[in-house]
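Working notes, structure below.
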Amino acid sequence: MIREKAIRFGSSASLVGVVSEAEPVDGGERPAFLLLNAGILHHVGPARLHVALGRQLAAAGFTSLRFDFSGIGDSEPRRDTLPFDESTVVEVQEAMDHLSRTRGARQFVLFGLCSGADAAFRAAKAEPRVVGHVSIDGFAYRNFAYYLHYYGPRLLKPRSWIAFTRRQLAKAGRVVRATLGRGQNSPTAPPVFAREFAPRDEVASELSALANQGVHQFFIYTAGHERWYNHAGQFHRTFRDVDFHGRLRVDYFADADHTFPDLGHQEALITAICDWARSVWSEGLRRETGAEVGGGAVASAGVEDR
Amino acid sequence: MRTHRAFRQLAGRLTDVGFHVLRFDYFGTGDSGGTGRDASIAGWLEDISAAIGEIEDTAGVRKVSLIGLRLGATLAARAAALRSDVDRLILWNPVMSGGDYASELAVEATRFKGARGGGSNGGGLIDVGGYPLTRGLREELLGLDLLALDDLRAASVLIVASERSESYERLGQTWSGRGTETAHRFISTAVNPSDDDEFVSALMPAEVLETIVDWLVGVAR
């Protein structure tokens, strides 16, 4: 059975998480995983994804810490006014500091889904101790092939035309009501969360910088992200100008929804992540010089085939 | 999972007015050990007993109150009926019939299956959006019926409902008739932490939380 420990950490001891202790395995020291919040869901993740992933990683020899950012789950709210984009980086660093102090961890892999993916990427850019990140449904950019995949099937279906017409009529109705001062939003209506991605060129530059630092990058996209991503190969086409030095893997789960609300899909996801981690770090930590280090590297093309 | 935020806020409000509070995850859920496939109603009732023992030891108390939401409320009532140290029960939108609840979950599973996920995985297991509902658990649910609970043993009960229900009113009347001091509060709220569609919302049913705290404080005097 995997050993786990609930902890408080951080400069104010206000952050709460659970450490899954790595099982002893051959091959030397391995990085520790930090599992970041998905939206405002607490550290167990959607359908206990983070719990299952943390335990499987531990069984594979990787210590993990699933924790709550301040104000989420069991962690206290911050007492300063640091914006979320910045506080998440600080708190990831505090998590790293804790594992360094208590378990001698020197390098880390960050895991995040949705806003967690965004947080993982921000922290990876800012923190040299990060040697890898797994981002599910993070930034994505529509290209010509995206629109082909999106509109192609729809143009052939009468139902799509009816739905399109209905949406336009509904939109017109909202405009009319707003003009007449009616139809104010209900104060208890759920807020609409919108994500904005940085410009593609900016992200390409950041990806390149991480690749040059030796960071292994694993991007996973699902059918639930179809507003931004809808076919295998989209990531490679989008960032064909970036040299990942063989440290890139991209998987597209064409049948899975955004939070993997399916036992089979969740198991496949966890297997993919653990297999990737083992393949990259089965021989322990290595000094990354920016050049390809033999053994364990993952090909950057042709992997996206789910 | 979805009730975590509500219970954390409730716990904070209760500790503010002097109550010791223990929140815990049943076996096979949350941070606790095991997987959903290994979970059972009988096991969860033992978990409640273990939690009661833990807080009695830690806080040095002899009587406890149990607060449950939906199936948790039903289990709280079942657990209370087996002990003499549960003084008060707060049942928030309790599941009245385990059989009806199992049917709801089966419908929920179908909804997920239609949206790229969930459904049946074979072997009698129903995948409810990533949560396994085993055949064994379904059979145990069939045996849950709040109205059939004879001896609550708790001194006071608060039923909090976010929707008007004849079942809840009948429950309150039945238990009152058996000598248990029972209060029933209907609180209309647009926010329901059990509602799947609300799970990304940060809104909390503040009035429900206030009602629970006020009732406990009032009964404690």
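Quick note on labels: first sequence line is chain A, next is B, and so on, each numbered from 1. For the numbers below, each heavy atom of this structure counts, side chains included, while hydrogens, waters and symmetry mates do not.
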TODO: Enumerate by number any residue of residues 49-57 of chain A whose heavy atoms lie under 4.5 Å from heavy atoms of chain B; in the absence of such residues, state 'none'.
DONE: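 Residues in range: A/Val51, A/Arg55.
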Open item on the list: Is a donor from one side chain sitting under 3.5 angstrom from an acceptor on the other, for A/Ser20 and A/Glu4?
Closed with: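 Yes, side-chain donor-acceptor contact under 3.5 Å.
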Open item on the list: Between B/Thr35 and B/Asp38, is there a side-chain donor-acceptor contact under 3.5 Å, judged purely by atom types and distance?
Closed with: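 Note: B/Asp38 and B/Thr35 side chains meet the donor-acceptor criterion.
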Tell me if a side-chain donor or acceptor on [X] pairs with a main-chain N or O of [Y] at a distance below 3.5 Å.
X        : Y        : answer
A/Arg122 : A/Asp85  : yes
A/Asp251 : A/Ile220 : no
B/Thr74  : B/Pro94  : no

Task: Residue selection (most heavy-atom pairs with chain B, distance under 4.5 Å) from A/His43, A/Met1, A/Gln266 - done: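 Greatest number of close heavy-atom pairs with chain B: A/His43.
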- [ ] Would you mind telling me which of A/Lys5, A/Arg103, A/Arg3 makes a salt bridge (charged side-chain N to carboxylate O under 4.0 Å, His left out) with A/Glu21?
- [x] A/Arg103
